[in-house]
Structures are given as C-alpha cells and as structure tokens.
Amino acid sequence: MSAVASSPSTPAWDQARRVLLLRLDGLGDVLMSTPAMAAVRESLPQARLTLLASPAGASLAPHLPWLDQVLSYEAPWVKPGTAAPDRPVGEADEALLQRLRQERFDAAIIFSTCTQSALPAALLCRLAGIPLRLAHARENSYGLLSHRLAEPDALRPTMRHEVQRQLDLVASVGLHTADPGLRFTLRPADVRRVAAQLAEAGLVPGRPYVLVHPGASAPSRRYPPEAFAAAAAGLAGGDDGPGQGALALVACAGPGEAGLLQRLCAALPHPPLLLPGAQSLGELAALIAGARLLIANNSGPVHLAAALGTPVVTLYALTNPQHTPWRVSARVLSHEVPCRDCLQSVCPEGHQRCLTGVPPEAVAGAARELLAEASP
C-alpha cells in the first residue's frame, strides 16, 4: 500500500516548490480534502500551492487563503460537462494543458474517491511535464504516476472516511498535519451582512436559531421538505411564530431550490424566517456558523457545518457511505435498505426508502439531543 519510492532521477517531495492539488468534483469533496491540502502546506511551507477544482469547488477560493492560486476546470471524466455548445470539444482542455505547462509544477497530488479513476488527471499532469504525480489507483498506472498508492477501498459501511483517505494519501509521501479538521475561513463582511439580513427578516439580535436546509444537488439525497417541516415544527417558536419563541427557525436553500423552500414553508404551521435574496457561499457559511444547529441532507452545507463547528443533524441517503460529517457533533440518520451504496443521483427503486424510512419524530429527537448537549 506504500507509494512507489522516488528513483534517482525523480526529485524528492521535500524539494517540491510548485505543487498542483487536483480535486475536480464537488464543493463538499474539496472541503473534505482541505486537511490533506493543509498537510501539504504545513510540510512544504515554502511551496506555492495551486488548487485545480471544478467551478463549484473553485468557489471556495476566497475561504482558503492559505492556497496561493485556484484554477477552475470542468473535467469531462468526473461528470458531464456544461461547456457552451458552440465551443469546440477539447478547446478548454488544451487551454488548461498549456496553462499547466507554463506554471512548471514540480509535483501534483490527485484527490479522488475510490469510485473515480485518477488516471485521466494523471495523464493530464504527465502531459504538462509534472515530474511528481501522486494518487490512489486501483489499476496499474505504469508511467502515469510517479507515486501510486494501491486502492484498498470498496463501497461498504466500514470503508475509510473521505477525509482520512486523503490524509493517508499525502502521508504516504511524508506530508502531515497536526490538525485533521476541515478548513474554511469566514470573512467578517459576510458575518456582518448575515447579521443584518437576519435582523431584517425579524430575528431579534442575540436570539438563537436552528437552520433548516432542505436541498441537495442529487434528488436521491433529498429528504422530503414536508418531512423536514414536520421535524422542525416542534423545535422552535411559540404561538406567535418562529421568530418569537426561545429558539427561532430559519430556512434557506441553494440556487435552483426555491421550490423545495416553498414546500417546506407551506408545510410549517408558521413560516420560518427567510433571508432576503440569494446567499453567497460566504453568507451561507456565516448563517451556518451562527446557528445553534443545522438540519440538512448530505450536502455541501453539512461539510461547511463540520468545518465551522456547528452541530448537525443530517438526513443521509445511503447512496455512498464515506461522506458523513467529520469531527463535529452530529446525528446521521438513514434507514437501512438492501439497495444501499448505489451511487445514483436519482433513486433507481423510485422510493428513496433510505431517507423516507426515517420518521420526522426521529429527526426532531436527534435535534433535541444535540441542542441539549450544546446548552450551557
């Protein structure tokens, strides 16, 4: 399982001064790789670190100030691209390859899940002339990787967490961190804007709130908004509404999820507090950071909560097992099904029982437990 040792003609990792970090899937995946990226930063303090990420992952750039540069690329081997239809196929790939050649990187570290092949990215890095190339690989990579860590993981409940997987990858070449927590830097301006937005929505300054986020990028990972509402209804607010009781109820959703938010609000006895307009990533993070508790699906906001230390109840679809909240007070709720670990964005059985089998009462109970644990 150890990485291939450097040959006499291959530079050692501790000599690398320009390092490319590749994480080409979602925002949450980048967040779960930040401890391993921090290990590179701490072990190679003189190095210039560049992250190559998907457009979603690259949106984290303002909140990862210890990276020197972030590049955006929609890799066709990760998910279907959304390139403009009139753009010639391969134009973006060639432009990226030329950019990587110009950067003259000494090393590249490819972060991927066990169900993704790292070899397309390894080929890109080899064509860019990067001498050190590290990744997990199930296949024999021959000359595509200078350092290959044999792939031990398969989809099963006992597999390594995604964070640990990437920490093990960089540790195989001697890169370590003293803090395995997720990284995310809040910006004071975002915190101030969210405080003003909450006040405009009717929240009395200083009143604690629970945040509900019913969205997720994949339909198979969405607990029904009506079930979210049933769980949240008894947690906050008094007879006069969610902003008046001891604990307020705030709701939000991501781009394109207005319908989910409308269904949630319609199912609640009192409408939750809603912030005006769409939130930026930084504002969403500030909203999560200020909450006593987040209730959400397995999605980017859950990983933001883990990075920010906000307790979280997550409705965890059993599409894959390795993305649970990392090192934060949490309750992970799902219903065991024989079709688990399907990796599907849309439930192939049509019933989503791994989520719909979780009663709202269980969600409310888990939320009460976490709130009680967090009370002074």
Side-chain angles (χ1 to χ4, degrees), residues 27-28 31 34 59-60 62-65 181-216 228-229 231-233 235-238 241-255 257 261 264-265 268 270-297 299-315 325-331 363-364 366-376:
L27 180 149
L31 275 171
T34 54
S59 67
L60 284 164
H63 307 284
L64 305 176
L182 306 188
R183 268 62 166 186
F184 185 94
T185 299
L186 278 176
R187 297 183 297 184
D190 291 325
V191 175
R192 290 192 297 270
R193 276 194 296 270
V194 166
Q197 290 170 348
L198 285 169
E200 181 181 345
L203 183 70
V204 176
R207 187 181 300 278
Y209 62 90
V210 169
L211 179 64
V212 179
H213 190 297
F228 269 116
L235 289 177
Q244 306 303 316
L247 195 61
L249 183 64
V250 179
C252 68
E257 295 176 341
L261 202 55
L264 173 75
C265 294
L268 282 164
H270 299 287
L273 302 179
L274 301 175
L275 271 63
Q279 280 72 59
S280 67
L281 176 61
E283 291 167 347
L284 173 62
L287 186 62
I288 292 171
R292 284 279 301 279
L293 175 73
L294 171 69
I295 306 176
N297 298 306
S299 58
V302 165
H303 302 301
L304 282 171
L308 297 164
T310 299
V312 58
V313 175
T314 178
L315 281 299
W326 177 256
R327 289 180 170 256
V328 69
S329 296
R331 296 292 186 273
V363 182
R368 291 190 188 96
E369 289 178 5
L370 284 176
L371 288 169
E373 290 176 7
S375 295

How about [X] and [Y]: do any of their side-chain heavy atoms sit closer than 4.5 Å?
X: Leu281; Y: Leu304; result: yes
X: Asn297; Y: His213; result: no
X: Phe184; Y: Leu31; result: yes
X: Leu198; Y: Leu273; result: no
X: Gln279; Y: Cys252; result: yes
X: Leu249; Y: Val212; result: yes

List the atom of [X], the atom of [Y], and the distance in Å for their closest heavy-atom pair.
X: Pro208; Y: Ala246; answer: CG-O, 3.5 Å
X: Val194; Y: Ala286; answer: CG2-CB, 3.8 Å
X: Glu283; Y: Ala278; answer: OE1-O, 4.0 Å
X: Ala285; Y: Leu308; answer: O-CD1, 3.3 Å
X: Tyr209; Y: Leu247; answer: N-CD1, 4.0 Å
X: Leu235; Y: Ala367; answer: CD1-CB, 3.6 Å

[X] [atom1] to [Y] [atom2] distance, which is reported to the nearest 0.5 Å:
X: Gln197; Y: Asp190; atom1: CD; atom2: CG; result: 9.5 Å
X: Ser329; Y: Leu371; atom1: OG; atom2: CG; result: 11.0 Å
X: Thr34; Y: His63; atom1: OG1; atom2: NE2; result: 13.0 Å

Would the distance check show the side chain of [X] and the main-chain N or O of [Y] forming a donor-acceptor pair, the cut-off being under 3.5 Å?
X: Thr310; Y: Ile288; result: yes
X: Glu200; Y: Leu275; result: no
X: Arg183; Y: Gly181; result: yes

Applying side chain to side chain contact (heavy atoms under 4.5 Å, CB included) between Pro301 and each of Leu287, Leu211, Leu294, report the one that passes.
Leu294
